[in-house]
Amino acid sequence: MSTSPLHDWNLAPQAAIELQKRLAGRVELEDRLDPVSRIAGVDIGFEEGGEITRAAVVVLAWPPIATGDFEVVEQVVHREPTRMPYIPGLLSFREVPAALAAFARLTTQPELIMVDGQGIAHPRRLGVASHLGLWLDLPTLGIAKSRLCGRHAEPGNEKGDWTPLKHGEDTIGAVLRSRTNVKPVFVSPGHRLSLPTALDWATACLGRTKLPEPTRLADRLASRRG
DNA sequence: GCGACAG
DNA sequence: ATCTTGTCGC
């Protein structure tokens with residue numbers, strides 16, 4: 001898979017923030033998705049006390065063999081020295097470079113990507129999922145385990161229940177009860193996807209666990225378990 | 001000025 | 001994110 005150099009990655013915090021404001025204007029929130037036959041899940045983990053960044057990408061076949069049971073088409077793990085510390089709001093500058101290196105080694109091409117983290121549910125509307133989507137020019141959505149910004153009502157306790165996540169006047173995502181009686185996940189469009197469609201895919205990939213399969217499997221691989 | 005703060 | 005065992009609950 002190829003990528004076109006969009007910008008530099010080694011930026012000081014203030015410059016990174018200004019760049020996010022510009023890139024947010026390029027994010028597409030209308031559906032522009034090809035027929036799906038492959039869905040990729042991405043997550044980043046760390047080793048050596050944080051000195052090594054470990055990016056994991058898992059490609060699954062769509063549709064699943066049965067609900068929540070997907071065929072794993074390909075897996076890639078890429079390790080590299082960690083480039084910067086975690087700074088709330090600037091997560092993509094720490095994780096996306098490693099994710100791109102992992103994608104570059106993929107021999108199969110996904111039509112949709114699910115990322116562990118926020119999409120547009122970000123102070124400047126450019127969470128990791130959106131930033132990665134822009135670089136790869138592919139549809140992405142974010143699945144986060146906790147909130148970065150925005151306000152919301154508590155969704156019902158049944159699997160599938162959800163409430164909108166709002167930031168000022170904008171609806172930036174949804175708080176989805178992905179599993180009955182379990183803490184909800186935060187779903188938001190990354191790029192080339194609308195919120196309803198992002199919610200549909202997140203729901204369609206759910207099995208019996210809290211996280212959708214693409215993200216759950218990438219999570220395990222990134223934490224060197226799977 | 002005082003909190004909040006994806007992974 | 002990561003360091004970490006057993007344990008409570010469906």
Side-chain angles (χ1 to χ4, degrees), chain A residues 9 13-14 16-17 20 23-24 27 41-58 68 77-102 113-134 140-152 157-159 165-168 170 172-191 195 198 202 206-212 214-226:
Chain A
W9 284 107
Q14 201 51 243
I17 288 173
Q20 290 182 320
L23 293 180
V27 171
V42 199
D43 189 30
I44 275 67
F46 297 88
E47 303 175 0
E48 309 299 323
E51 291 178 25
I52 299 296
T53 296
R54 177 185 172 106
V57 177
V58 177
V77 170
H78 167 80
R79 300 165 79 254
E80 64 174 46
T82 297
R83 59 175 59 222
M84 64 175 271
Y86 166 68
I87 298 174
L90 298 181
L91 181 67
S92 64
F93 290 87
R94 169 173 162 89
E95 303 191 339
V96 172
L100 290 174
I113 303 173
M114 206 172 282
V115 185
D116 188 304
Q118 314 288 356
I120 62 168
H122 176 280
R124 293 168 291 281
R125 308 291 182 271
L126 199 83
V128 270
S130 299
H131 206 161
L132 180 65
L134 280 177
T140 60
L141 68 129
I143 301 291
K145 296 180 286 298
S146 62
R147 182 191 68 88
L148 172 59
C149 70
R151 295 168 48 75
H152 67 87
N157 291 316
E158 291 294 301
K159 175 177 181 176
L165 175 62
K166 309 193 64 174
H167 196 204
D170 307 338
I172 58 178
V175 185
L176 172 69
R177 191 74 68 183
S178 52
R179 191 187 187 311
T180 300
N181 291 328
V182 170
K183 266 212 312 178
V185 294
F186 296 74
V187 182
S188 59
H191 182 47
L195 175 57
L206 287 176
R208 314 165 183 159
T209 51
K210 164 177 175 166
L211 295 176
T215 294
R216 185 182 73 82
L217 295 176
D219 218 288
R220 293 185 43 138
L221 193 55
S223 304
R224 55 196 181 305
R225 275 173 288 168

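Predicted model only: the values in this text are computed from it and were never measured. Side-chain atoms are counted along with the backbone in the values below, which use heavy atoms only and exclude waters and symmetry mates. Each chain gets a letter, A, B and so on, in the order the sequences are listed, and its residues count up from 1.
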Note to self: Main chain of A:Ala129, side chain of A:Thr140: is a donor-acceptor contact present, judged purely on distance under 3.5 Å?
What the structure shows: yes

Checklist line | Bracket string, DNA chain B, 5' to 3' - pairs by Watson-Crick or G-U geometry under 3.5 Å, | interstrand | finding: .......

Notebook entry, point to check: Going 5' to 3' along DNA chain C, which nucleotides are the first and last within contact of chain A (any atom under 4.0 Å from a heavy atom)?
Noted result: C:dA1 to C:dC3

Check: Under the 3.5 angstrom rule, does the side chain of A:Ser92 hit a backbone N or O of A:Val128 as a donor-acceptor pair?
Finding: no

Next item on the list: Quick one, give me the B/S/- string for nucleotides 1-7 of chain B, reading 5' to 3', where B means a protein heavy atom under 4.0 Å from the base and S means that only happens at the primed atoms, P, OP1 or OP2.
Entry: ---SBBB

Check: With a 4.0 Å cut-off on heavy atoms, is A:Arg208 in touch with a base, just the backbone sugar-phosphate, or nothing at all?
Finding: nothing

Check: What pairs with A:Arg177 under side-chain hydrogen bond (donor to acceptor under 3.5 Å, both in side chains), at least two apart in sequence or on another chain?
Finding: A:Glu154, A:Asn157

Item checked: A:Gln20 side, atom CD; A:Leu23 side, atom CG - distance, nearest 0.5 Å -> 8.0 Å

Next item on the list: With heavy atoms under 4.0 Å as the rule, sort A:Thr180 into base, sugar-phosphate or nothing.
Entry: nothing

Margin query: Is there a side-chain contact between A:Val96 and A:Trp9 in this structure, where contact means two heavy atoms from C-beta onward sitting under 4.5 Å apart?
Written below: yes

Next item on the list: Report the distance from atom CG of A:Asp116 to atom CZ of A:Arg216, rounding to the nearest 0.5 Å.
Entry: 13.0 Å

Item checked: DNA chain C: stems of at least 3 consecutive Watson-Crick or G-U pairs whose donor-acceptor distances fall under 3.5 Å -> none

Notebook entry, point to check: Say you draw a straight line from OG of A:Ser178 to NZ of A:Lys210; how long is it, rounded to the nearest 0.5 Å?
Noted result: 6.5 Å

Check: For residues 78-98 of chain A, which residue pairs qualify under salt bridge (Lys or Arg N to Asp or Glu O under 4.0 Å), counting only residues two or more places apart or in two chains?
Finding: A:Glu47-A:Arg79

